Amino acid sequence: NPMASPDILGINSACSFFILLYSIYLFKIFDLSILVCSLFGALLGFLVTIFSSVEDKKLHQTRLIITGVAVGALFKALSQFLVMQSDEKLSSIVSFITGTLYLVNWETLKQIFIPSLILSIIPFFFHKKLVILLLCDEISNSIGFNVTKWKIIIIFCSLSLAAVAVAGSGSLGFVGLIAPNISKMI
């Protein structure tokens, strides 16, 4: 789907919101990693988008995109509210929300390098399963392939990779929208 992007589905905004929530208010209470907060936000944002898009046990693509944009706007608005209420240094918070590589340092790179490397390599180990997923669900099920299980695994890997990217650089939505189209051309 050329419209598939973590930003379109509300995932980036949810990651940013939970990172900001943790960074501004919860870091004194809980000792968590930014990656954990980002992954939690990605999962929650995705689940809200999916459950809001299902009607009669069917997932409609048009409704998924519209709901994803709405969920993204909701979490972006909540992030802006957190920024307005915080006493933190606004310039670093605003640059994180908009997404920038300006504030990335070697420590940030060390935190995201290993998870992103592992999450990028994992799909190569089940590339045959990905080819089977390209078939329609009926054909895949008829050859004994568990479509639902593998879709969940692929979605979790994608969400985790998006969460790692947001934890490192903030919400750079246009990269997620352009990257699939560039990879198709290559």
Side-chain angles (χ1 to χ4, degrees), residues 1-22 32 35-82 97 99 115-116 118-120 122-167 170-185:
N1 185 356
M3 288 299 290
S5 165
D7 198 42
I8 297 293
L9 297 178
I11 295 167
N12 284 359
S13 301
C15 290
S16 295
F17 171 71
F18 279 97
I19 289 172
L20 287 173
L21 182 67
Y22 174 74
L32 297 174
L35 290 173
V36 172
C37 295
S38 184
L39 182 61
F40 181 75
L43 290 172
L44 186 68
F46 179 72
L47 290 176
V48 168
T49 302
I50 290 295
F51 287 133
S52 301
S53 302
V54 172
E55 182 182 358
D56 299 329
K57 297 184 180 181
K58 291 184 181 177
L59 185 66
H60 301 284
Q61 286 187 352
T62 306
R63 180 179 261 188
L64 178 69
I65 292 171
I66 293 170
T67 305
V69 170
V71 168
L74 171 70
F75 280 113
K76 197 165 287 252
L78 290 172
S79 297
Q80 294 294 333
F81 179 74
L82 285 179
I97 289 175
S116 62
I118 291 169
L119 290 167
S120 297
I122 287 175
F124 289 108
F125 290 113
F126 42 81
H127 69 278
K128 292 180 182 176
K129 309 287 188 204
L130 292 171
V131 171
I132 295 173
L133 280 175
L134 290 175
L135 302 171
C136 71
D137 291 352
E138 294 171 359
I139 295 173
S140 300
N141 284 327
S142 68
I143 62 173
F145 186 73
N146 191 345
V147 175
T148 305
K149 174 184 137 184
W150 282 100
K151 281 185 178 180
I152 290 171
I153 290 171
I154 297 299
I155 288 170
F156 183 75
C157 286
S158 300
L159 287 175
S160 300
L161 197 54
V164 169
V166 171
S171 181
L172 291 172
F174 69 92
V175 174
L177 192 58
I178 293 172
N181 296 319
I182 291 174
S183 65
K184 284 181 189 177
M185 287 190 277

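Only a predicted model underlies this, so the values are computations on that prediction, with no experimental measurement involved.
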Separation of [Y] [atom2] from [X] [atom1] (nearest 0.5 Å):
X      : Y      : atom1 : atom2 : value
Lys76  : Ser13  : NZ    : OG    : 4.5 Å
Ile154 : Leu159 : CD1   : CG    : 11.5 Å
Ser38  : Leu43  : OG    : CG    : 9.5 Å
Leu78  : Leu20  : CG    : CG    : 11.0 Å

Side chain of Thr49, backbone of Thr67: donor and acceptor closer than 3.5 Å?
no

Is [Y] close to [X] at the side-chain level, that is, under 4.5 Å between some pair of heavy atoms?
X      : Y     : result
Ser160 : Leu39 : yes
Asn12  : Phe75 : no
Val166 : Ser16 : yes
Leu64  : Ile50 : yes

For Ile153 and Lys149, run side-chain contact (heavy atoms from CB on, under 4.5 Å): C-alpha distance rounded to whole Å, both residues' side-chain angles, the deciding distance at 0.1 Å, then the answer.
CA-CA 6 Å; Ile153 290 171; Lys149 174 184 137 184; 4.1 Å; yes

Who passes side chain to side chain contact (heavy atoms under 4.5 Å, CB included) against Leu161, sequence neighbours left out?
Ser116, Leu119, Ser120

Phe46 meets the ring pair (Phe, Tyr, Trp, His ring centres under 6.0 Å) criterion, sequence neighbours left out, with none

Can you tell me how the ring of Phe18 sits relative to the ring of Phe40, calling it parallel under 30°, perpendicular over 60° and tilted otherwise?
perpendicular

Looking only at non-hydrogen atoms, find the nearest pair between Cys15 and Ala163 and report the distance.
SG-CA, 4.0 Å

List, one per line, each side-chain donor-acceptor pair under 3.5 Å for residues 125-139, sequence neighbours excluded.
{"residue": "His127", "atom": "ND1", "partner": "Phe124", "partner atom": "O", "Å": "3.1"}
{"residue": "Asp137", "atom": "OD1", "partner": "Lys151", "partner atom": "NZ", "Å": "3.4"}
{"residue": "Asp137", "atom": "OD2", "partner": "Lys151", "partner atom": "NZ", "Å": "3.2"}

